[in-house]
Participant: 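Submitted below is the structure of interest, expressed as structure tokens.
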Amino acid sequence: MSLYARLTGWIVLLFGLGYFFIPLLGLTEFSLKARRGVYSLDAYAKIIGDTEFQATFSYSVVMALVTIAFGILIVVPTAFWVRLKMPWARPYVEFLTLLPLVIPAIVIVFGYIRLYNTSSWLPLTGTVTGTNLLLAFGYTVLALPYMYRAVDTGLRTIDVATLTEAAQSLGAGWATILTRVILPNVLPAVLSGAFLTFAIVIGEFTLAALLDRPAFGPYLQRIGANKPYEPFALSVIAFAITWACMGLIQLVTRFSKHMKAES
Amino acid sequence: MSLYARLTGWIVLLFGLGYFFIPLLGLTEFSLKARRGVYSLDAYAKIIGDTEFQATFSYSVVMALVTIAFGILIVVPTAFWVRLKMPWARPYVEFLTLLPLVIPAIVIVFGYIRLYNTSSWLPLTGTVTGTNLLLAFGYTVLALPYMYRAVDTGLRTIDVATLTEAAQSLGAGWATILTRVILPNVLPAVLSGAFLTFAIVIGEFTLAALLDRPAFGPYLQRIGANKPYEPFALSVIAFAITWACMGLIQLVTRFSKHMKAES
Amino acid sequence: MPYLEIARLEKSFGANRVVTDFNLGVEQGEFISLLGPSGCGKTTVLRMVAGFERPSSGAIRIGSEDVVGKRPNQRNIGMVFQAYALFPNLTVAENVGFGLKIKGARRDEITARVAEMLALIGLPDLGARYPFQLSGGQQQRVALARALAPKPRVLLLDEPLSALDAKVRVSLRNEIRAIQRDLGITTIFVTHDQEEALSISDRIVVMNAGIADQVGTPFEIYNRPTTRFVANFVGQLNLFKADDAGRIGGVAVGQGDFAARPEAVHLGREAESDIVLPATVEEVHFLGSVIRVTAAAAGARIALDTFNRPDMPPPAVGSAVELSLSSRDLIPLK
Amino acid sequence: MPYLEIARLEKSFGANRVVTDFNLGVEQGEFISLLGPSGCGKTTVLRMVAGFERPSSGAIRIGSEDVVGKRPNQRNIGMVFQAYALFPNLTVAENVGFGLKIKGARRDEITARVAEMLALIGLPDLGARYPFQLSGGQQQRVALARALAPKPRVLLLDEPLSALDAKVRVSLRNEIRAIQRDLGITTIFVTHDQEEALSISDRIVVMNAGIADQVGTPFEIYNRPTTRFVANFVGQLNLFKADDAGRIGGVAVGQGDFAARPEAVHLGREAESDIVLPATVEEVHFLGSVIRVTAAAAGARIALDTFNRPDMPPPAVGSAVELSLSSRDLIPLK
């Protein structure tokens, strides 16, 4: 590669990083200015000490974990089965999983409220547990595209059909094949889908607000509208969380490369 | 394939479709009830006749087209160059393009407002055109993951390096290679990214609301909070639009298959 | 009675019939090749024996038990795939031991059997490696060991050498044959490469469009092909047409078309040859140990093979030569 | 002076030197093969001639003009790739005409030249097809036509046959050679397949670890290898060690190691052979026209080739035989 190409590469990369990090630096700098004239962590201390922050944040973490569990249970067997036995259905399934990306969340919520309101056949919105469950379902739908894509990409790196046949000829049944052959080989992909789900659930606003659940997204919004410095500190915290998730994805991806020949 | 597998397949598919369409049917049914006791299109007529609907919708369409143009100009050459000359940079670029998925939109907006407010070095938020530009930039960032993934997937189906070398050995320069060899072969991918971008921009709420622009997303939200039947009709319309976009993606994908050997 | 018996096997995908009235008996310990062009149904036959496809009709008996109704994981059949298909998350030793673990064998049994298998394939020290750390040839040997470890009744090889380099392909095919002889395991080998099939089989089934055209030893198949397809697909063929009087080069051979192998035609006159044809050299291809000369004679293009001789460079293109062959080496074509 | 001259060419990637002091003169119209194992630097040499890699040092002259400083699209060199690399969005005719269109040729000129090229490769009627509608062999022929259409000064072929089936590979290589002879175009052909290189080259450059080990005609390379690497890589080799008195089988040959090609060793006594060795048959591989027998003799494994004879089945494994060879056929190894 010529020096010229290498240079162009670095400039593009720096530009891209700048695109994201300059706003962030501005944010961070401002968030440290809560005490007049000097830099301080006052805004951060105030937020972390806020019981509402603690409550909403832990609520959202629990919801994220539930969503991830739902997602894995639905997506892994489906994606496996579609790849193995119904390749003709792949475009349809892919189409289905793309829907949540383009249907505004608000449509999903209106639909749910209408279906499960207190006077319906299954009055989920009538109880707290029911509403929580509904929220988790909503989140699962929102996260579906990412989870499915991740798992499907993971499945693409292995030869599902031949590995399955090899395991069958060695005497393995379906349960053994799924747990001992397929799952271990797509684990990195599943984890990367899980981290993405986590980041999305933590930041989500519309669903939680419309179902009136005490999640982190609406809290972020509320603080943003009413306080001077705290929203910026919160943004930095939110960014740090997503950053950590992305870092974990990268780590997992790198780890998975040790387990495979270049594909 | 056994009958059993085929049956399971159909059941899963029907279940998946049901997951999305039953709420939608509920919505549609309710949206037709604006006139007491009979089904009517009153709610739809009211909305389509609403000048605010027309204004916000056409505003969002224009913004979507501008966003798509920005996206293509940024993404196609970048993705091509990264594949061709900087394969080592691919994980980093992919990482960058994933960021908008996990950084809450609110963080991006706060950052922009802070950077480009009326007292900054580039007071974009001071003028309408400036704010519109800022919104388009924001949308471009939001759509980046989808556009980049689509184009990168498109590039994966062709052998970029060898095709480029073949064109070079036949006397072609970079401009010819990009316009006559690369772009025609990733056009279906570019279009599918464009439709996805369109659907996202049309439904987007946070950016438009915080920058206070008259877009379709905030209008949807406002109507949803204040009217009895119209929100449901609007949801159906929004769904129809996204549905049309998805249909176009499928059409383009199918069309592209005619142009390639199975890959 | 044969150990593995396939009787009146048929398979259709929709309206497309890919295997028609396939019959084959394989003796215990025999090495059978299914040879044919792509799409001839050879892989489908193998997959029906393995249980991955269900026959439209017909029977498959192993040791006189009909296995058609059994699932693949109940058949106790070893299979080696073209794509190796090693489990990427398991080490070589874990791969080889996978079948035994599924069967619930004790850990020390598994360890012993894995060591035995790794020694058999000549990779005793690679048990702790992961598949991606091995070369293609090593991976395919591990796949063989994995298939053999649970002591299957039949070993199926689905083009196991196609993904390998030419040199590795030759050495591994000899190794597979040696191991198969050692263990005396009944084996079916699918390939589209005639040299591969000729070199390692006890018997060959030549398949064409879903039908078994000819079954026989490599020597029979090559020297006494019974159909025009077999004559053409296995080895290169020169076509001679007898004249109206039933003669070629003045020698009476009977009416019709005849084939002669390139090694049956000689450059210059040979003592045993009764047919002599004047010819012009058109192409000379130096292939290493063999030089293939193409010459125009009696209105046809005749290919002949001659061994390289360091003291005698190949004939020049365009030179006039004599070709000779024995009328006994002519194969009448139906 | 040669038409294409490569002088003291070197290439390093970082600390890794992949081509060392490479010198070659190619006459106008000559067909040269670069032959070697993967990683020997043969493709890197080709890519430097094409302009896709920049040499670390050295000169590449075409018609006495140094092209090192020129970009690939300024060199007027035709290139055919292993992966065909046809533009999938263009028809066959548009692909073939691409280079001329770039050069700004008139439309009727392009149409005429495309028709001429399609006739040359034997696909005159496929101009309106898209690449995905063609077989691999057809695609590669179109790629050849595309490379030749703008009348390049030099034609470069980068393993053009590796992705094809065995039968197509042989017929296409003969076709490529015929077209190259017709047009008289200077050609460099990169391959790792020794048979391919031997069969179609005017001269072969055998490369090993970035160095040109030997340059010569196929006959020279095969029969008079100058290094042990060449002797081993090109063709199969039997190794004979002379005893302390410099004898093999009682015949004085001189000290050291000797090689003999499998076709130089005969089964049974032959008139011209002065060395006779008792042996035991270990393996018999029926390859079609040739039967390869491996026998143990004088403490070594000797491979020998003999032609198939319909009236004489191959020898049985384990039988005692005599091997004979002429001491003149021994190649001394340095």
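Labels below follow one simple rule: chain letters A, B, ... track the order of the sequence lines, proteins then strands, and each chain is numbered from 1.
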Participant: Count the heavy atoms belonging to other residues, nucleotides or ligands that lie under 6.0 Å from CZ of A:Arg213, then report whether that count exceeds 12.
Facilitator: yes

Participant: For C:Pro150, is it the side chain, the backbone, both, or neither that has a heavy atom closer than 4.5 Å to a heavy atom of chain A?
Facilitator: side chain

Participant: Working to the nearest 0.5 angstrom, can you tell me the gap between C:Lys101 NZ and A:Leu170 CG?
Facilitator: 13.0 Å

Participant: To the nearest 0.5 Å, what is the distance between CZ on C:Phe87 and CG on A:Asn185?
Facilitator: 9.0 Å

Participant: For chain A, which of C:Asn76, C:Ile77, C:Leu90, C:Val80 has the most heavy-atom pairs under 4.5 Å?
Facilitator: C:Ile77

Participant: In sequence, state the C-alpha distance, the side-chain angles, and the governing distance for C:Phe98 and A:Val181, and then conclude on side-chain contact (heavy atoms from CB on, under 4.5 Å).
Facilitator: CA-CA 10 Å; C:Phe98 189 88; A:Val181 176; 3.9 Å; yes

Participant: Okay, side chain of C:Asn89, backbone of A:Pro184: is any donor-acceptor separation there less than 3.5 Å?
Facilitator: no

Participant: Measuring heavy-atom distances to chain A, does C:Leu86 have an atom under 4.5 Å in its side chain, in its backbone, in both, or in neither?
Facilitator: backbone

Participant: Would you mind checking which part of C:Ala83 comes under 4.5 Å of any heavy atom in chain A, side chain (CB onward), backbone (N, CA, C, O), both or neither?
Facilitator: side chain

Participant: To the nearest 0.5 Å, what is the distance between OH (C:Tyr84) and OG1 (A:Thr162)?
Facilitator: 12.5 Å

Participant: Checking heavy atoms, do the side chain of C:Arg146, its backbone, both or neither come under 4.5 Å from chain A?
Facilitator: both

Participant: Determine, stepwise, if the pair A:Gln168 / C:Met79 fulfils side-chain contact (heavy atoms from CB on, under 4.5 Å).
Facilitator: CA-CA 10 Å; A:Gln168 280 182 310; C:Met79 178 119 179; over 6 Å; no

Participant: Should we say atom CZ of C:Arg54 is surrounded by more than 12 heavy atoms from elsewhere, each under 6.0 Å from it?
Facilitator: no

Participant: If we only count heavy atoms from C-beta on, is the A:Ser169 to C:Asn73 side-chain gap below 4.5 Å?
Facilitator: no

Participant: If you define the side chain from C-beta out and look only at heavy atoms, does anything of A:Thr157 sit under 4.5 Å from C:Pro88?
Facilitator: no

